[in-house]
2 protein chains.
Amino acid sequence: MSESVRLEALEVLDAIDRHGSFAAAAASLYRVPSAISYTINQLETELGIRVFDRTGHRAVLTPAGQLLLTEGRRILIATRELAAAARRQADHWEPELKIALDTTQKPADFYPLIAEFTRAHPAINVRINEEVLAGSWEALVDERVDLAIGVTDPPANAGIHRRQCGRIDFVFCCAPTHPLASAPTPLTEDAIRAHRALVVADTARQFSPRSGNLIDGQARLTVASMRTKIEALERGLGVGYCPTHWVDDALAAGRLIALETMPPATMRETYLLWRRGERGRALQWFIDRLTGDLPD
Amino acid sequence: MSESVRLEALEVLDAIDRHGSFAAAAASLYRVPSAISYTINQLETELGIRVFDRTGHRAVLTPAGQLLLTEGRRILIATRELAAAARRQADHWEPELKIALDTTQKPADFYPLIAEFTRAHPAINVRINEEVLAGSWEALVDERVDLAIGVTDPPANAGIHRRQCGRIDFVFCCAPTHPLASAPTPLTEDAIRAHRALVVADTARQFSPRSGNLIDGQARLTVASMRTKIEALERGLGVGYCPTHWVDDALAAGRLIALETMPPATMRETYLLWRRGERGRALQWFIDRLTGDLPD
DNA sequence: ATAGTCATTCAAAATAATTGAATGATCTTG
DNA sequence: CAAGATCATTCAATTATTTTGAATGACTAT
């Protein structure tokens with residue numbers, strides 16, 4: 001009456017099924033057969049149903065017993081996993097680590113690191129969000145992510161720890177067919193302003209969107225990611241600054257051309273950000289790796 | 001050591017969280033506070049971790065304890081649902097009823113019946129497959145479904161129970177723009193053979209496909225369902241027999257025209273089929289309803 | 001037929017859970 | 001700031017539950 005199904009009973013049910021009889025199950029659990037009968041009886045009276053059909057020599061599962069067995073196994077597994085997860089959590093290994101990756105970073109550059117982590121810690125889930133400009137910072141503050149990688153110009157905040165983890169050079173690009181491609185360089189702001197800028201949308205939800213490398217008064221085409229921005233640049237839909245490592249291939253293949261600007265494209269430092277006080281070991285693992293040998 | 005997490009402990013954890021303190025939880029469980037301490041201590045020693053932080057006045061969950069609470073609640077719910085499902089199963093209410101609906105039947109005709117059933121038995125899942133010709137029968141024999149509705153010409157089989165549940169009239173149809181539309185009626189087999197037949201593909205996987213209402217030597221266009229067949233007929237892609245209730249609208253709207261044939265279209269009886277010996281109450285519910293007042 | 005296996009029952013023994021009183025720590029409130 | 005209230009823990013005693021072991025009857029295989 002207190003609890004209708006006890007894990008103990010599900011455990012016994014599993015043992016009976018796997019060993020073929022009450023007696024064999026009893027042996028496998030280092031108990032006596034009557035103890036098995038007792039547990040199954042208790043289960044049956046509690047549920048008010050028959051779990052085994054005893055008309056024959058050996059007891060055989062009823063359909064309801066079959067259901068209890070198969071679904072019960074799921075519950076047993078979930079329970080064991082919960083115990084393991086709780087122990088890991090107590091050991092400061094998070095069950096899940098959520099990472100915001102700034103769109104200036106190429107996700108593929110991080111795959112080897114992720115692969116290494118998941119190999120070492122198969123039970124810990126890793127989730128990667130791609131974020132733009134203030135999006136990473138906001139996600140961190142809102143506790144939607146635990147670590148932000150590759151953020152440029154993070155605001156100062158006492159609750160957020162930062163560490164420089166690389167630098168990014170930008171280059172002004174457009175398609176070879178774009179009118180600006182044949183303009184005299186270095187390009188002035190006025191020359192650029194006459195053409196549509198390709199902008200990756202800030203993923204921040206609440207904070208006022210920042211704009212990076214942008215000239216006031218310029219028409220914009222806003223896209224969702226760096227990858228889309230570069231595709232749009234290649235198709236001549238606009239112009240804009242891109243991280244050099246994102247456009248190396250396109251520049252080498254002639255799908256884009258680089259143009260000097262005045263003032264020149266600024267180099268920016270990229271930061272690793274995490275909430276001060278968070279001491280999860282998975283988080284620490286990534287921080288150590290990313291500031292030890294810089295992936296960029 | 002025997003079981004690392006007991007449902008009892010998860011229950012207590014839940015009560016502590018919901019009532020705010022060990023003392024309040026004890027009251028809600030009609031036990032004494034020390035019993036709560038005992039259970040939590042047992043959980044902690046079992047897992048080898050702290051579940052509550054007792055530095056302050058009142059005990060507060062550690063991150064690991066939080067994990068145990070939230071995930072543990074899922075397990076408690078799953079366990080209660082399992083108990084309920086086992087009782088229903090023992091009461092001969094199947095956890096799920098799988099129905100094969102022959103393509104000669106319009107699914108919409110059965111929605112009210114399904115709705116009535118799911119309203120009366122919200123916990124029982126209903127799954128409907130649409131099947132063609134031998135497909136329903138095969139799905140039944142293979143135990144992929146429990147009930148087949150609207151099957152024509154079912155083979156005799158000792159293990160399969162059948163009951164007539166309606167009849168279907170067929171009518172030979174084509175688009176008004178189709179060459180046959182202006183041919184002299186009744187159409188002879190030779191006249192029909194010259195034109196492509198629209199055929200719904202038999203969904204049987206192993207048994208040799210049957211063909212319904214088909215003349216040998218006729219070119220075919222095979223489609224996946226009666227709905228597709230009628231759409232293809234309307235677009236003049238072929239000719240063929242259709243159940244009258246499927247094409248009423250199209251005939252009335254002039255999108256299809258009906259043609260007499262010699263020999264004339266045959267009426268077929270439709271059957272309800274289920275495996276002999278299956279006595280589930282959900283199955284019986286549908287059998288009773290479908291043979292009580294015929295939905296067709 | 002007979003020896004072996006199987007599940008059950010029941011009383012006894014062993015184990016586990018619960019209680020209640022005592023304790024110290026912390027919070028509330030006047 | 002002191003007094004009273006609330007909180008969680010401990011420990012020995014009590015109560016409840018589980019496990020055992022021996023006896024029993026039912027079935028199987030040889």
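Quick caveat: nothing in here was measured; it's all calculated off a predicted structure. Here is the naming used below: chain letters follow the sequence lines, and residue numbers restart at 1 for every chain.
Residues Gly56(A) and Phe22(B) both approach DNA chain D. Their nearest nucleotides, taken by heavy-atom distance, put Phe22(B) toward the 5′ side.
Heavy atoms of other residues, nucleotides or ligands lying less than 6.0 angstrom from NE2 of His19(A) number more than 12.
One can place OH of Tyr30(A) at 18 Å from C1' of dT20(D), the figure rounded to the nearest angstrom. Glu46(B) has its CD atom 11 Å from the P atom of dA17(C), to the nearest Å. At whole-Å resolution of the value, CD in Glu44(B) and P in dA8(D) are 13 Å apart. Summarising the geometry, the separation between CG on Asp53(A) and P on dC6(C) is reported as 18 Å, rounded to the nearest angstrom. Taking atom CD1 on Ile16(A) and atom P on dT8(C), their separation rounds to 9 Å, with Å as the unit. Atom P of nucleotide dG21(D) and atom CD1 of Ile36(A) are separated by 14 Å, given to the nearest angstrom. Distance CD (Glu11(A)) to C1' (dT18(D)): 16 Å, rounded to an integer number of Å. A straight line from CD1 of Ile40(A) to C1' of dT19(D) spans 15 Å, rounded to a whole angstrom.
Here the side chain of Ser136(A) pairs no donor or acceptor atom with the backbone of Val132(A) at under 3.5 angstrom.
Taking 4.0 angstrom as the limit, Arg54(A) places a side-chain polar atom (N or O) nearer than this to OP1 or OP2 of dT8(C). For dT18(C), one of the phosphate oxygens OP1 or OP2 lies less than 4.0 angstrom from a side-chain nitrogen or oxygen of Arg31(B). Close to dA17(C), at under 4.0 Å from its OP1 or OP2, lies a side-chain N or O of Arg6(B). Under 4.0 angstrom from either OP1 or OP2 of dT18(D) there lies at least one side-chain N or O belonging to Gln42(A). For Tyr38(B) and dA17(C), the shortest distance from a side-chain N or O to OP1 or OP2 is below 4.0 Å. For Asn41(A) and dT9(C), the shortest distance from a side-chain N or O to OP1 or OP2 is below 4.0 Å.
Nucleic acid contact class of Ser34(A) (heavy atoms, under 4.0 Å, all strands): base. Ala23(B) comes within 4.0 angstrom of sugar-phosphate atoms only, judged by non-hydrogen atoms across all strands, and of no base. Residue contacts shown for Ser37(A) include a base, since a base heavy atom lies under 4.0 Å away. Among the heavy atoms of the strands lying under 4.0 Å from Ala35(A) is at least one base atom, whether or not backbone atoms are also near.
Figure legend: cation-pi geometry between Arg289(A) and Trp285(A), with NZ or CZ positioned under 6.0 Å from the six-membered ring centre and within 45° of its axis.
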Verdict with reasoning, Glu116(A) to Arg119(A), per salt bridge (charged side-chain N to carboxylate O under 4.0 Å, His left out): CA-CA 5 Å; Glu116(A) 184 186 343; Arg119(A) 222 177 303 118; over 6 Å; no
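Between Trp93(B) and Phe117(B), the two ring planes are tilted [angle within 30° to 60°]. Ring geometry, Phe52(A) versus Phe22(A): the interplanar angle exceeds 60°, so the pair is classed perpendicular (tilted spans 30 to 60°).
Side-chain proximity of His57(B) to dT19(D), dT9(D), dC7(D): nearest is dC7(D). Side-chain atoms of Pro33(B) lie closest to dT9(D) of the nucleotides dT19(C), dT9(C), dT9(D).
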